[in-house]
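Contents: one structure, followed by commentary.
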Amino acid sequence: MAFVRADAAQRVRAIGSLEGLPTQLARALSAGGDFDPIPEPGPGDWLSVARERSQTFERFTRTASNRPAEPAQHIYLRPVGDFPPRHSQLLRQLQQFGSGFFVRELRLLPPLVVEGSGIATRRNRFTDVLQLKTRDILPALARSIPPDAWCVLGVTAYDLYPHDTWSFVFGEALLDDQVGVFSVVRYDPEFYGKPVADPSLLLRRSCKVLAHEACHMFGIEHCVFFNCPMNGSNHLAESDRRPLHLCPVDLRKLQWVLGFDVTERYRQLLAFWREAGVDDEAAWIQRRLDFIQGS
Ligand SMILES: [Zn+2]
Ligand SMILES: [Zn+2]
């Protein structure tokens with residue numbers, strides 16, 4: 001069955017009743033004009049090939065596996081293999097972004113050394129680029145998961161493949177084991193030999209995939225309501241179309257799990273995007289903060 005977009009009333013229903021919530025939280029979760037509906041899927045887009053359940057906020061809270069996180073549980077980021085010098089800043093930036101996005105410290109683990117780890121590698125037959133096998137990385141991450149971890153996300157500058165018949169994969173996760181891994185290499189315009197039109201493109205894409213994968217770890221499924229970083233994506237142009245900020249449905253899910261202060265979260269993200277020089281996102285957050293604070 002073809003995907004049918006939710007209308008405005010269904011999008012509001014997906015957020016759920018805001019009655020009885022603290023004023024600023026209720027304002028932060030109101031749909032308003034700052035959020036766009038999910039675009040109509042074109043041929044080859046995720047929703048023209050994949051079927052998604054509509055995970056409303058209410059359905060999310062009814063799922064037994066989605067439970068509020070303990071304050072002592074951490075999200076860990078673990079580099080897999082070494083990062084080239086031109087990406088030296090990226091790990092620190094991902095850590096800063098994640099700490100703002102989840103309003104809890106995102107901890108960086110020492111790198112998982114590929115040599116001698118039993119992780120299979122190969123040269124991609126089309127690009128000749130060295131690739132690591134995700135189905136070896138994920139068990140290796142799961143074996144060394146810290147006891148206070150909510151999840152461990154591996155991040156690598158190597159290209160990835162899931163198994164021998166696939167050409168490549170952007171990332172993969174084992175939700176039951178609370179581990180995932182994603183590669184930034186195909187988010188780097190240099191991978192395609194193209195000049196870098198937007199110097200923040202690699203950072204935007206990497207932050208988006210970190211947010212998307214970590215939200216999955218909290219039981220948040222693909223968003224079918226708004227244009228949102230939790231939309232499924234089949235190709236890079238579709239990923240690039242997604243915004244950096246969560247829609248109200250998914251913001252509410254994440255807030256329900258983590259219990260953060262929404263204005264504090266936006267303040268931290270505003271400081272991050274300002275420092276990174278990503279002015280359009282900083283302006284969006286400033287506008288939203290002004291609205292939430294009623295100024
Ligand atoms: Zn996903
Ligand atoms: Zn969403």
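Both counts, for ligands and for their atoms, begin at 1 and track the order of listing. For reference, positions follow the sequence shown, starting with 1. Since we're looking at a predicted model, the values are computed, not measured.
Screening His212, Met230, Arg205, Arg204 against Arg242 for a side chain to side chain contact (heavy atoms under 4.5 Å, CB included) leaves a single residue, His212.
The Zn ion (ligand 2) is closest to atom OD2 of Asp250 (considering only N, O or S atoms).
Angle SG(Cys228) to the Zn ion (ligand 2) to SG(Cys247), rounded to 10°: 120°. Vertex the Zn ion (ligand 1), arms ending at NE2 of His212 and NE2 of His222: the angle is 100° after rounding to 10 degrees.
Note on ring orientation: taking the six-membered ring where Trp is involved, the planes of Phe97 and Phe272 are tilted (angle from 30° to 60°).
The ring of Phe218 has its center closer than 6.0 angstrom to the ring center of Trp150. Ring-centre distance between Phe35 and Trp284: below the 6.0 Å cut-off.
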